[in-house]
K.L.:
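Below: one structure in structure tokens.
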2 protein chains.
Amino acid sequence: MINPLDMVFAALADPTRRAILSMLLEDDMAVTDVAEPFEMSLAAISKHLSILSRAGLISQERRGRVKWCKLEPDALRPASVWMQGFGQFEPVNLDAFERFLETELNTPERDSPETGSPDPAG
Amino acid sequence: MINPLDMVFAALADPTRRAILSMLLEDDMAVTDVAEPFEMSLAAISKHLSILSRAGLISQERRGRVKWCKLEPDALRPASVWMQGFGQFEPVNLDAFERFLETELNTPERDSPETGSPDPAG
DNA sequence: AGCATATTCAACCAAATGGTTGACGATTGC
DNA sequence: GCAATCGTCAACCATTTGGTTGAATATGCT
């Protein structure tokens with residue numbers, strides 16, 4: 001899997017990984033804390049995290065014995081752009097416009113993380 | 001794979017399938033014609049098409065012995081919306097705004113399919 | 001030093017993926 | 001009727017994926 005678009009979409013195809021990304025939307029987290037809500041081994045989560053990392057969707061910084069995971073939303077952009085190439089076929093897309101305005105109007109405040117977070121596990 | 005988001009992202013993770021979607025952006029096509037530019041068997045393409053179909057990204061209508069494949073861009077929307085939930089972390093996203101306006105201003109004409117088609121094979 | 005915590009590694013496993021080939025069922029045209 | 005065309009099915013194969021377990025490697029605490 002050389003193609004970055006391949007890796008991003010493949011990373012997003014797993015509900016566990018999407019849930020992890022949603023969790024990281026709220027704050028940076030240590031690997032153990034990421035793993036806590038899931039009913040699977042820490043090693044499994046570690047693998048998921050390295051897949052997300054190789055896709056560029058998260059970065060990991062080791063501080064002491066703790067490895068912090070940080071969301072890298074910019075990595076989503078090429079995929080998002082690719083998908084938007086198909087938007088021209090949608091009727092008018094007022095929804096998208098509303099969403100867009102909402103996002104743009106909310107960002108200046110920088111203080112309300114509860115707006116627009118995707119559901120964990122999609 | 002029950003989750004529709006899983007299926008859409010998994011479908012998009014393969015470059016052959018993304019290329020097929022891009023081809024269908026220009027026009028509806030028969031299965032054989034979809035397969036023509038690829039260096040793989042017709043059966044392989046047939047499998048790819050059924051994956052795209054199960055994900056809802058295309059629809060297939062049999063007319064005579066020919067099966068026509070049609071792009072269903074609306075199926076991309078949930079995935080697109082999910083991804084846009086992460087956009088709030090991007091600086092301001094003027095790019096997205098420009099793209100959005102361009103798309104909205106171009107749609108009324110309905111006659112210029114050369115605007116904004118993603119590259120085949122991404 | 002010695003033990004607990006945090007994370008990865010290695011080996012293994014079952015199931016899914018992406019491809020092949022050859023046979024098969026429809027449909028069309030001569 | 002018969003041959004060609006369109007497309008799928010079935011069986012097979014190699015590789016990847018997503019999970020497990022147990023051992024190994026750092027690092028931190030007392």
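Letters A, B, ... mirror the listed sequences (proteins, then strands); counts begin at 1.
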K.L.:
Tell me which of Arg63(A) and Ala10(A) sits closer to the 5' end of DNA chain D, going by the nucleotide each one is nearest to.
P.N.:
Ala10(A)
K.L.:
Which listed nucleotide (dG19(C), dA11(C), dT8(C)) is nearest to the side chain of Val31(A)?
P.N.:
dT8(C)
K.L.:
Once you round it to whole Å, what is the distance between P of dG18(D) and CG of Asp14(A)?
P.N.:
5 Å
K.L.:
Taking only N and O in the side chain of Ser41(B), is any of them less than 4.0 Å away from OP1 or OP2 of dG19(C)?
P.N.:
no
K.L.:
Please report, rounded to the nearest Å, how far the P atom of dT7(C) is from the CE atom of Met29(A).
P.N.:
11 Å
K.L.:
Counting C-beta onward and ignoring hydrogens, is there a side-chain heavy-atom pair between Ile20(B) and Met29(B) closer than 4.5 Å?
P.N.:
no
K.L.:
Rounding to a whole Å, what distance do you find between Arg54(A):CZ and dT17(D):P?
P.N.:
8 Å
K.L.:
When the distance from CH2 of Trp68(B) to C1' of dT27(C) is rounded to whole Å, what number comes out?
P.N.:
15 Å
K.L.:
Can you identify which nucleotide, out of dG18(C), dG19(C), dT8(D), has its nearest atom closest to the Ile51(B) side chain?
P.N.:
dG18(C)
K.L.:
Can you tell which of dT8(D), dT20(C), dA11(C) lies closest to the side chain of Lys47(A)?
P.N.:
dA11(C)
K.L.:
Under 4.5 Å between any side-chain heavy atoms of Thr16(B) and Ile45(B), yes or no?
P.N.:
yes
K.L.:
Does Ser50(B) reach the side chain of Arg54(B), with side-chain heavy atoms less than 4.5 Å apart?
P.N.:
yes
K.L.:
Would you say Phe9(B) and Pro15(A) make side-chain contact, with heavy atoms under 4.5 Å?
P.N.:
no
K.L.:
Nearest to the side chain of Arg65(A), which nucleotide is it out of dT7(C), dA4(D), dA6(C)?
P.N.:
dA6(C)
K.L.:
Among dT8(C), dG18(D), dT8(D), which is the nearest nucleotide to the side chain of Leu42(B)?
P.N.:
dT8(D)
K.L.:
Would you kindly give the CZ-to-C1' distance between Arg62(B) and dT5(D), to the nearest whole Å?
P.N.:
11 Å
K.L.:
Whole-Å distance between dG18(D) P and Ile45(A) CD1?
P.N.:
12 Å
K.L.:
Given dG18(D), dG18(C), dT21(C), identify the nucleotide with an atom nearest to the side chain of Arg17(B).
P.N.:
dG18(C)
K.L.:
From the set dG19(C), dC6(D), dG19(D), return the single nucleotide nearest to any side-chain atom of Thr32(B).
P.N.:
dC6(D)
K.L.:
Taking the side chain of Val66(B) as heavy atoms from C-beta outward, which of dA11(D), dC6(D), dG19(D) is closest to it?
P.N.:
dC6(D)
K.L.:
Starting at the 5' end of DNA chain C and moving along, which residue's nearest nucleotide shows up first, Asp33(A) or Glu39(B)?
P.N.:
Asp33(A)
K.L.:
For a 4.5 angstrom cut-off between non-hydrogen side-chain atoms, does Trp68(B) reach Ser59(B)?
P.N.:
no
K.L.:
Does dT8(C) have OP1 or OP2 under 4.0 Å away from a side-chain N or O of Ser46(A)?
P.N.:
yes
